[in-house]
Amino acid sequence: MSHEEDADNDCSSLHRRRFLRATALLSASAAIVPAFASAHQGARPESTPEIKPFELDEITIADLQAGMASGKFSARSIIEKYLARIEEIDKQGPTINSVIEVNPEALAIADAMDKERRQNQVRGPMHGIPVLIKDNIDTADKMQTTAGSLALLGSKPTRDSFVAQKLRESGAVILGKTNLSEWANIRSSHSSSGWSGRGGQTLNPYALDRNPCGSSSGSGAATAANLCTVAVGSETDGSVVCPASANGLVGIKPTLGLISRAGIVPIAHSQDTAGPMARTVRDAAILLGALAGVDPRDSATSAGAGKAAADYTKFLDPHGLRGARIGVARKYFGSNDAQDQLMNTLIDAMKRQGAEIVDPADLPTHGKFDDTEFLVLLYELKADLNVYLAARPGAPGSLKEVIDFNDHNRDKEMPYFGQDIFVKAEAKGPLTTKEYTDALEANHRLSRKEGIDKVMDQFHLDAIMAPTAGPAWLTDFANGDHAVGGSSNAAAVAGYPDITVPAGFVFGMPVGISFFGRAWSEPTLLKIAYGFEQIIQARRPPRFLPTLKL
């Protein structure tokens, strides 16, 4: 799967795990096909950990705003409750290990937001709302930004990322940073998603021996476990939508340029973007509106001028499936018979709600840009990370220096897997190299004009649907990830939007369904995703089972 013979296995492994090629969604929501779903749940462990009820479990942004308006809550009391819950089940108890650091200034920020509220100065729907952000998103405050790597520990960004800036402007309270797959899972082809040298391994709150997927592992696990109201992840290919799927969440990978990349530790500028993760489509839409906007520091956002919405909730429609033309990307199916049965059941449910289904509606270029995607990521990783590191005081000055750091700190940074992808990237030349420019041109042509755009034009589609990713696999340090499948690559390579919504459970593990489409089609996708969510209602809180007895 690569341009060089000895990289075949590495690239294949990379696409299996990090970039999530196909799916193994094995069961339907009990609300749709209860007999089928219950038959595939599997036996439950005899003992479930004692988890105390939590007042804010499954609470929404609207619930919290109503509580603060009535005086039932204050921003401070909400933050105090979440901080206590993080200590209770993230640092102790089941020890999810999703929060890499809490914000020492969170209570002070909450106090300031409470003061503004008393003065009738509510900034908007995010005012006083706790948000966790991934530890590759710069904050110029008392917290670290490390991408999970000990190499960045102690160095401080000189200014906030655009994401952090927008959150502060919205009145949100940045509650802390979440653990992640180190360097956003681009270091090794044998990695364990959710593991970082700084943070250790994040667990899946549905079954603690299962993987939370990555690289936004902590953002997914923490939101699922009700350790925050909403969270921010980042994605190059699959890193928002896969952990959202594996943790029973809504995840939005927006159009490239809708949210600024400035101040986010990079992998590849042609695919990187931050994105919301939430328990409901409405909360994800609210957070998306808070994060979107034009940023002079990121030229890609200029294309979003006039396209970003301050309020994406206005596009939500409980009847959003009615009249929507949705294509079925069948080539992302086929992992097993149960997966196909689930998808067919969901398709039938959408038809009953008035959706017009075109089946199949496969991308003509399916699978044709796998090699060029990996090649582009290698080139851009070296170039983009070198630029980022050079501007960060006290950090290693280049990818080469990070590689050297890891070699010198092998016992802490590489106890389970190495850095073969870093080494391959370091060997690449500049972005003027013909191999790179040809690969980038092929990526965009095959995924856009000859891919998503072509099939949507051919069938007059509003969206394309596919399984998001398979159910969570067992975390395995000896062999690395065992992920099978995923549908994130086309939208990721194209820089187009992709929204995943909880679709059901298999063997007790949540799985999601994705809706993706043209650039800047977030309003249409949100309408469809919300309509789907309202009829399926598949989100269930985790039970923190130690294992699943299947």
Side-chain angles (χ1 to χ4, degrees), residues 17-18 82-83 85-103 106 130-139 143-150 152-153 161 163-164 167 174-187 191-208 210-236 238-251 253 264-265 267 274-279 284 287 469 472 475 481 510 542 544:
R17 293 195 300 278
R18 193 179 296 70
Y82 277 121
L83 290 174
R85 190 63 164 180
I86 289 169
E87 180 62 30
E88 181 182 356
I89 69 171
D90 199 64
K91 305 309 175 191
Q92 301 180 48
T95 319
I96 303 303
N97 200 36
S98 62
V99 181
I100 205 167
E101 180 178 8
V102 296
N103 186 357
V131 182
L132 285 170
I133 65 175
K134 192 175 179 180
D135 184 40
N136 62 349
I137 300 173
D138 286 353
T139 54
M143 290 188 290
Q144 302 281 333
T145 304
T146 69
S149 172
L150 298 174
L152 295 184
L153 197 61
S161 60
V163 165
L167 287 172
I174 300 177
L175 185 60
K177 299 283 185 77
T178 56
N179 197 18
L180 68 161
S181 310
E182 186 176 307
W183 294 107
N185 224 355
I186 195 66
R187 196 189 86 186
S191 63
S192 173
S193 289
W195 186 91
S196 70
R198 180 187 175 203
Q201 179 67 50
T202 297
L203 310 184
N204 190 306
Y206 288 87
L208 303 180
R210 302 245 162 198
N211 198 272
C213 199
S215 65
S216 304
S217 315
S219 295
T223 308
N226 286 281
L227 302 180
C228 59
T229 313
V230 290
V232 181
S234 69
E235 175 163 328
T236 305
S239 288
V240 164
V241 295
C242 181
S245 175
N247 290 278
L249 301 175
V250 176
K253 197 287 291 187
I264 299 178
V265 181
I267 291 180
M277 303 175 76
R279 293 181 292 272
L287 182 55
T475 295
D481 289 341
F544 307 97

Between [atom1] of [X] and [atom2] of [Y], what distance do you get to the nearest 0.5 Å?
{"X": "F544", "Y": "I96", "atom1": "CZ", "atom2": "CD1", "result": "5.5 Å"}
{"X": "I186", "Y": "I267", "atom1": "CD1", "atom2": "CD1", "result": "4.5 Å"}
{"X": "T229", "Y": "L287", "atom1": "OG1", "atom2": "CG", "result": "10.5 Å"}
{"X": "R187", "Y": "S196", "atom1": "CZ", "atom2": "OG", "result": "9.5 Å"}
{"X": "I89", "Y": "N226", "atom1": "CD1", "atom2": "CG", "result": "8.0 Å"}
{"X": "M143", "Y": "D135", "atom1": "CE", "atom2": "CG", "result": "9.0 Å"}

(message) Does this structure show an ion pair linking E235 with K253, if we count only N-O contacts that are shorter than 4.0 Å?
(response) no

(request) Evaluate the criterion side-chain contact (heavy atoms from CB on, under 4.5 Å) for residue pair V99 and L132; output intermediate values, then yes/no. (result) CA-CA 8 Å; V99 181; L132 285 170; 3.9 Å; yes

(message) Checking S217 now: which residues fulfil side chain to side chain contact (heavy atoms under 4.5 Å, CB included) with it, not counting sequence neighbours?
(response)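 S181, T202, P212.
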
(message) Would you say that I137 contacts I264 through its side chain, given a criterion of any heavy-atom pair below 4.5 Å between the two side chains?
(response) yes

(request) State whether a side-chain donor-acceptor pair under 3.5 Å links S216 with K134. (result)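 Present: a donor and an acceptor within the cut-off.
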
(message) Tell me every residue that passes side-chain hydrogen bond (donor to acceptor under 3.5 Å, both in side chains) with T145, counting only those two or more places apart in sequence or in another chain.
(response)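 side-chain hydrogen bond (donor to acceptor under 3.5 Å, both in side chains) list for T145, sorted by chain: K177.
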
(request) Check salt bridge (charged side-chain N to carboxylate O under 4.0 Å, His left out) between R85 and all other residues, then give those that pass, not counting sequence neighbours. (result) E88

Distance-minimising heavy-atom pair for [X] and [Y]:
{"X": "T139", "Y": "A164", "value": "CG2-CB, 3.9 Å"}
{"X": "G218", "Y": "T178", "value": "C-CB, 3.6 Å"}
{"X": "P542", "Y": "A225", "value": "CG-CA, 4.1 Å"}
{"X": "V131", "Y": "A231", "value": "CG1-CA, 4.2 Å"}
{"X": "A472", "Y": "N204", "value": "CB-ND2, 3.7 Å"}

